[in-house]
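Below, chain A is the first sequence line, B the second, and so on; all start at residue 1.
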Protein chains: 2
Amino acid sequence: MARPTIADIATRAGVSKGAVSFALNGRPGVSDATRERILKIAEQMSWRPHSAARALGASRVDSVGMVIARPARTLGVEPFFAHLLSGVQSGLSAESISLQLLIVEDTAAEIEVYRRWASEHRVDGVILVDLTVKDPRVDELRALELPAVVIGGRGGKGALASVWADDRDAMLSIVEYLAALGHRRIAHVAGTPNFQHTQRRIRAVRDAAPRLGLLDAPSLTTDFSDAEGAAITRKLLSQSDRPTAIVYDSDVMAVAGLGVAMEMGVSVPGDLSIVAFDDSILTQLMHPALTALSRDTFDFGRQAAEVLLETIADPGTVINRRTADPVLTVRESTAPPA
Amino acid sequence: MARPTIADIATRAGVSKGAVSFALNGRPGVSDATRERILKIAEQMSWRPHSAARALGASRVDSVGMVIARPARTLGVEPFFAHLLSGVQSGLSAESISLQLLIVEDTAAEIEVYRRWASEHRVDGVILVDLTVKDPRVDELRALELPAVVIGGRGGKGALASVWADDRDAMLSIVEYLAALGHRRIAHVAGTPNFQHTQRRIRAVRDAAPRLGLLDAPSLTTDFSDAEGAAITRKLLSQSDRPTAIVYDSDVMAVAGLGVAMEMGVSVPGDLSIVAFDDSILTQLMHPALTALSRDTFDFGRQAAEVLLETIADPGTVINRRTADPVLTVRESTAPPA
DNA sequence: TGGAATTGATAAACCGGTATAGCTCCCGAA
DNA sequence: TTCGGGAGCTATACCGGTTTATCAATTCCA
């Protein structure tokens with residue numbers, strides 16, 4: 001028989017549907033002997049619950065969603081999301097909860113997706129990335145009463161659950177490392193200005209500058225694209241008092257920056273040190289290989305999944321979990337200034 | 001009222017549940033006036049169908065699945081999947097069908113996922129990538145009676161629906177281009193040997209060699225990783241009669257190969273021409289920028305989604321749709337041999 | 001020993017839709 | 001005038017689970 005139902009099992013076992021349901025879900029109401037018998041029959045018939053049927057009765061669908069609002073063009077290159085996804089899945093697979101992934105163009109579309117998911121009961125909760133300042137998604141999700149966890153940014157005033165790493169400390173460790181090498185003119189090619197993590201990193205650079213005796217430490221924002229990363233690098237390196245070190249907020253921009261430096265005849269690390277705030281295979285493929293800040297992105301995803309499941313189970317408590325600190329991996333692109 | 005049901009609408013409109021269902025689904029059974037009235041009320045109450053309820057009655061869940069069986073480590077770098085995903089989604093969004101994405105370690109795990117999805121009725125169909133020779137997934141899916149479409153490889157003897165591009169012609173165009181430049185010693189760093197597209201590309205190179213008067217045209221297989229791409233390049237460039245041109249089956253391997261060449265003091269394109277069989281931002285970030293074969297991956301995904309939906313609607317007919325031919329984008333990494 | 005509490009099970013309602021049988025009008029044709 | 005038939009709608013079964021009310025049989029305790 002294809003796709004048996006609990007009614008089939010009940011018939012075969014000579015009991016009622018209810019008894020079968022109790023047995024399969026390990027809840028009281030049947031004797032151990034009967035439970036044993038029912039389980040064996042279910043196993044034999046290779047029964048599996050019909051997800052829709054279960055979702056209709058109990059009101060959970062055993063599925064969570066994740067929407068990424070970035071143009072697909074800038075998305076693919078970064079291993080970040082692939083690692084994050086794998087991590088999220090490993091965190092979900094234990095409970096055999098499935099993941100719905102959606103890539104959309106902008107935040108408006110993303111919010112639209114949340115509304116649809118909520119009204120169609122398609123997901124039990126969602127995972128948020130790229131939190132911005134005064135992010136409209138936070139209020140929206142609260143209004144929809146959709147459990148959520150924010151990746152990489154504290155939920156802020158107890159709003160949403162979150163999983164985060166200390167961006168500030170990480171950025172400080174980079175700047176301090178460069179300062180210790182002797183650099184005094186450090187530039188920071190930052191990401192999208194309204195992302196919270198961008199702001200935190202910019203603030204970290206600004207705060208550290210006087211303490212470390214930096215002559216100049218401008219943070220220049222971009223849209224995270226290789227094109228803008230390259231353009232800003234060109235501008236920086238054309239200045240009369242050009243920086244001796246540049247910190248990039250993503251590995252892709254760092255690679256683009258390296259290309260510009262080579263093109264302009266600026267030797268790396270001789271004339272310019274380069275650090276990427278995010279590690280991946282990309283940075284290792286380059287010549288010279290790039291010094292980069294490594295985060296355990298997989299673990300990040302895994303923990304986000306865990307926190308989300310806890311939040312779904314108990315929407316009352318808001319979890320803010322801090323993950324392992326990122327580590328600076330020194331490679332060939334950094335050296336003392338000439 | 002939160003989350004209204006059709007019963008709520010029925011009450012408000014003073015009609016029965018059935019009438020509401022007819023009206024909302026645009027089927028006969030209600031007058032135009034009544035339909036109008038019901039639609040307006042549904043709109044006012046911002047009603048949306050409960051996906052589980054709908055899935056239970058009609059037996060479709062309006063959701064399709066895609067499993068990628070590659071270690072996450074090698075996955076992220078390639079923009080290929082991100083573009084493919086976006087394309088798939090754009091093809092699905094028209095019918096507001098959702099996508100379940102899963103990244104697993106190997107084919108065994110992938111098949112396990114299909115079994116689960118089938119028995120739990122979680123998806124209406126699946127999209128297959130990376131078809132291998134004698135792929136076990138084909139028989140499995142047939143046994144599960146799960147509609148499927150294969151991306152980038154003809155389904156083979158009418159088995160599964162497919163969306164494919166002509167790998168053979170594409171590879172021929174690359175080799176012919178290099179031969180026209182004057183290259184006679186061309187190497188091919190191929191991908192995983194048991195992938196069907198790998199075999200097709202290898203065969204194309206082998207068949208073209210004598211016709212174009214190539215002295216040597218070895219195809220060397222890899223696991224698609226940057227590490228193996230680099231290792232094989234090192235070996236090739238160490239030979240006494242080293243190739244004057246290398247074709248790589250992926251952009252990541254081409255980038256790794258370029259790195260090795262630079263490291264060994266082999267100038268590109270002076271001493272060595274490099275072509276990547278797959279384009280992305282990566283190839284453009286390099287110096288020199290890599291000549292690469294561009295495929296419209298987004299469109300590929302979109303068409304796969306369309307074909308899958310047609311297959312789900314009518315499982316009888318097997319569609320084999322050929323997509324636009326790939327185009328060779330010539331950049332700085334190719335030139336006549338020294 | 002009788003009544004209360006517990007155990008093991010059943011029948012039936014329910015979740016929110018879809019599908020179908022059937023009922024009531026109303027119109028036109030014989 | 002009557003009957004057939006279609007339009008418009010209702011009532012109800014159904015999908016495959018979960019959950020609750022109910023009930024009989026047993027155990028417990030005073």
In this structure, how many angstroms lie between the [atom2] atom of [N] and the [atom1] atom of [X], rounded?
X      : N       : atom1 : atom2 : value
N25(B) : dT20(C) : CG    : C1'   : 15 Å
I38(B) : dT18(C) : CD1   : P     : 13 Å
I9(A)  : dG17(D) : CD1   : C1'   : 11 Å
L56(A) : dC14(C) : CG    : P     : 14 Å
R60(B) : dA19(C) : CZ    : P     : 9 Å
L24(B) : dT18(C) : CG    : P     : 8 Å

Report task. Name the nucleic acid region contacted by V15(A), choosing base, sugar-phosphate or nothing; use a 4.0 angstrom heavy-atom cut-off, strictly under. Result -> sugar-phosphate
Query raised in the report: Under 4.0 angstrom, heavy atoms only, what part of the nucleic acid is R48(A) near: base, sugar-phosphate, or nothing?
Result: sugar-phosphate
Query raised in the report: Of A53(A) and G18(A), whose nearest nucleotide on DNA chain D comes first from the 5' end?
Result: A53(A)
Phosphate OP1/OP2 of [N] contacted by [X] side-chain N/O (<4.0 Å):
X      : N       : answer
R27(A) : dT19(D) : yes
S21(B) : dT18(C) : yes
S31(A) : dT7(C)  : no
W47(A) : dG17(D) : yes
S16(B) : dC9(D)  : no
R54(B) : dT18(C) : yes
T34(A) : dG8(C)  : no

**Report entry** Pair T132(B)-N194(B), side-chain hydrogen bond (donor to acceptor under 3.5 Å, both in side chains): steps then yes or no
**Finding:** CA-CA 5 Å; T132(B) 64; N194(B) 66 339; 4.7 Å; no
What nucleotide among [options] has an atom nearest to a side-chain atom of [X]?
X      : options                   : value
F22(A) : dT20(C), dG8(D), dT20(D)  : dT20(D)
H50(A) : dG17(C), dA9(C), dG17(D)  : dG17(D)
I6(B)  : dG16(C), dT10(D), dT18(C) : dT18(C)

Query raised in the report: Got a sec, which pairs hit salt bridge (charged side-chain N to carboxylate O under 4.0 Å, His left out) with one end in residues 17-33 of chain A, sequence neighbours left out?
Result: none
Requested in this report: Apply the test side chain to side chain contact (heavy atoms under 4.5 Å, CB included) to residues N320(A) and V318(A): give CA-CA distance (whole Å), side-chain angles for both, the deciding distance (0.1 Å), then the verdict.
Outcome: CA-CA 7 Å; N320(A) 281 286; V318(A) 176; 4.0 Å; yes
Query raised in the report: Is it true that atom CD of Q44(B) has more than 12 heavy atoms of other residues, nucleotides or ligands lying nearer than 6.0 Å?
Result: yes
Query raised in the report: Is a donor-acceptor contact shorter than 3.5 angstrom present between the side chain of K17(B) and the base of dG16(C)?
Result: no
Query raised in the report: Are any of the side-chain nitrogens in R302(A) or E306(A) under 4.0 Å away from the carboxylate oxygens of its partner?
Result: yes
